[in-house]
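Shown next, in structure tokens, is the structure this report addresses.
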Protein chains: 2
Amino acid sequence: MANRHLVIADDLRRLINGGQLGNDGRLPSERMLAKQYRASVPTVRNALEVLQAEGCLDMIHGHGTFVRRGLECLVYDNTRYSDARAAAKPSVYVEVNVRRLESSAAMPPGLPEALGLPLTEYFFITTQRNMVHALAWVYVPCAVAELDLPATPPTSPWGDDVREQLAAAGIQVESTVERVTARLPNPREAVYLRPTAPVLVVERTSRDAAGRVVEAALVVLPSGRTEALFTTLTPSDTTTEAS
Amino acid sequence: MANRHLVIADDLRRLINGGQLGNDGRLPSERMLAKQYRASVPTVRNALEVLQAEGCLDMIHGHGTFVRRGLECLVYDNTRYSDARAAAKPSVYVEVNVRRLESSAAMPPGLPEALGLPLTEYFFITTQRNMVHALAWVYVPCAVAELDLPATPPTSPWGDDVREQLAAAGIQVESTVERVTARLPNPREAVYLRPTAPVLVVERTSRDAAGRVVEAALVVLPSGRTEALFTTLTPSDTTTEAS
DNA sequence: CAGTGGTCTAGACCACGAA
DNA sequence: TCGTGGTCTAGACCACTGT
């Protein structure tokens, strides 16, 4: 904790929670803070980035640094069949882009199948007041289903609508594997997200009873504004016994 | 991608994969690289930290920067009942510290119960060649079970042994909720981990059939060396029907 | 002790948003 | 155009490792 920028971050955190900041919740500029703390601009920026990664601040290029208010936390949930899904949806805006393409090496994420097969790609981008809260690329092989663009605006930021369309087409997802990692945004994601703040990455692969991949997705969740929730029910004792 | 440090990172990545680095896989010092690239030390460091977060490099204070070899990736898995768990265990070293304490505000992570109740804390620290690969704090309320320190060295970095002890004591975990986030290490974790690289955080809460919390854990997984895997089986159609 | 990674400074310049 | 955040520089000093 001897680190200068962490000391400054702690002090700013007290300033923020104290609420002595003017109605717009705007912080002094980085240069001002540097003068006040007798620190350099990069040190102040490191402090701000700590708070930004914690979800306390929004740093907006060319505009200013603001206290996050009405902290709406998007929750990725593996229990999609739950009724609670549609409840308490935060006031975010979800946009989709759909296109056809062929699977290429390393480009679609969790598709372990052969290359060159035609896919439908859904690219979801979720924003709240111009801040990106989630990115998701969802892929459905055309061999599985020829889905249309959903007529209604999407209700989920990560393609639950697509899975519902699949279900409506009679395609049952039997198992879902979600590989979760933390990293920094790659160049493709950095177009939308702060390149210095970590992201949670979910690579999802859904299979039907035959073991065929019917849907795959890459979900990118910036830290501080999102979390992921996984609920596991221990299989009842009827079938599994210590071997 | 115009960023200088990303260009340097790309170049270093090619250098690393090319394998022209001497047998110990050691990179030139930061000062040397700065000279070679006509860049400043912080810029070179930013480039190295990108690769470090990707798991390509190990930066060892006072010693040097080395190419990660035998990339052993620890996998956190929610299917603890699976037989595959014990298979293919990487050559890591797991250490435990056990102590008694009382639950205090905000200190134990996923325990939503009353404060002041006595707990057993298991602190797991997993290393491979002096590099920390995982941290885990596991809590069991004494009211649930009075467990002993496992006699054998622990086989799991995140307390599967504790859960097995619980099972042996007749306490069945019925549901497990795992809350997953990405962030930077906090001061307590930064003692063990690089403070600039993101970590994956799993907050686990295990309940029995009565809904009582029988075990809670905070697992910290540094990016690049670990991942988490969650497998969800869609409940069979016998019970759930579209409502 | 020398050589390494880790942090910070003071200031420059660029990129973006709003008036 | 101005004020903001975003990136980089050249160099200083500290902290750690191995000899």
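Lettering follows sequence order; numbering is per chain, from 1.
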Between [atom2] on [N] and [atom1] on [X], what's the gap in Å once rounded to a whole number?
| X | N | atom1 | atom2 | answer |
| --- | --- | --- | --- | --- |
| B:E49 | D:dC8 | CD | P | 13 Å |
| B:E30 | D:dT9 | CD | P | 14 Å |
| B:L6 | D:dG6 | CG | P | 15 Å |
| B:D58 | C:dT4 | CG | P | 18 Å |
| A:Y37 | C:dA10 | OH | P | 17 Å |
| A:R38 | C:dA10 | CZ | P | 11 Å |
| A:M59 | D:dT7 | CE | P | 9 Å |
| A:Q52 | D:dG6 | CD | C1' | 13 Å |

Would one find a side-chain N or O of [X] under 4.0 angstrom from OP1 or OP2 of [N]?
| X | N | result |
| --- | --- | --- |
| A:R194 | D:dG5 | no |
| A:S40 | C:dG11 | no |
| A:T65 | D:dT4 | no |
| A:R26 | D:dT4 | no |
| B:R45 | C:dG6 | yes |
| A:R4 | C:dT9 | yes |

Return the set of residues passing side chain to side chain contact (heavy atoms under 4.5 Å, CB included) with [X] (not counting sequence neighbours), or none when no residue passes.
| X | value |
| --- | --- |
| B:V191 | none |
| A:T43 | A:R4, A:H5, A:I8, A:A39, A:S40 |
| A:A197 | A:Q52, A:R194 |

Next on the checklist: Quick check against the 3.5 Å criterion: does B:R204 have a side-chain atom that pairs as donor or acceptor with the backbone of B:V138?
Outcome noted: no
Checklist entry - Is the backbone of A:T155 close enough, under 3.5 Å, to the side chain of A:D161 for a donor and an acceptor to pair up by distance? => result yes
Checklist entry - If you check the A:S29 side chain, which of D:dT4, C:dT4, D:dT9 turns out closest? => result D:dT4
Item to check | Proximity to the side chain of A:T196 - top-ranked nucleotide from C:dG5, D:dT7, C:dA10 | outcome: D:dT7
Item to check | Listed partners of A:F123 passing ring pair (Phe, Tyr, Trp, His ring centres under 6.0 Å), at least two apart | outcome: A:W137, A:Y192
Item to check | Among B:L74, B:V220, B:L135, B:L218, side-chain contact (heavy atoms from CB on, under 4.5 Å) partner for B:W158 | outcome: B:L74
Next on the checklist: Using heavy-atom distances to pick each residue's nearest nucleotide on DNA chain C, tell me which of A:H5 and B:M32 is more 5'.
Outcome noted: B:M32
Checklist entry - Hey, which of these two, B:L27 or B:P42, hits DNA chain C nearer its 5' end, going by closest nucleotide? => result B:L27
Next on the checklist: Regarding B:A39, tell me which of base, sugar-phosphate or nothing describes its non-hydrogen contacts under 4.0 Å with the strands shown.
Outcome noted: sugar-phosphate
Checklist entry - Which stems does DNA chain C form, counting runs of 3 or more consecutive Watson-Crick or G-U wobble pairs with both distances under 3.5 Å? => result C:1-18 with D:1-18
Item to check | Pairs meeting criterion salt bridge (charged side-chain N to carboxylate O under 4.0 Å, His left out) with involvement of residues 12-38 of chain A, two or more places apart | outcome: A:D10-A:R13, A:D11-A:R14, A:R13-A:E54, A:E30-A:R45
Checklist entry - What string of B, S and - do you get for nucleotides 14-19 of chain C 5' to 3' if you count protein non-hydrogen atoms under 4.0 Å? => result -BBS--
Checklist outcome for this item: So the ring-ring contact (aromatic ring centres under 6.0 Å, His included) pairs with at least one residue in residues 17-67 of chain B (sequence neighbours excluded) are B:H63-B:F66
Next on the checklist: My understanding is that only residues two or more places apart in sequence, or in another chain, count here; which of them pass salt bridge (charged side-chain N to carboxylate O under 4.0 Å, His left out) with B:R179?
Outcome noted: A:E227, B:E203
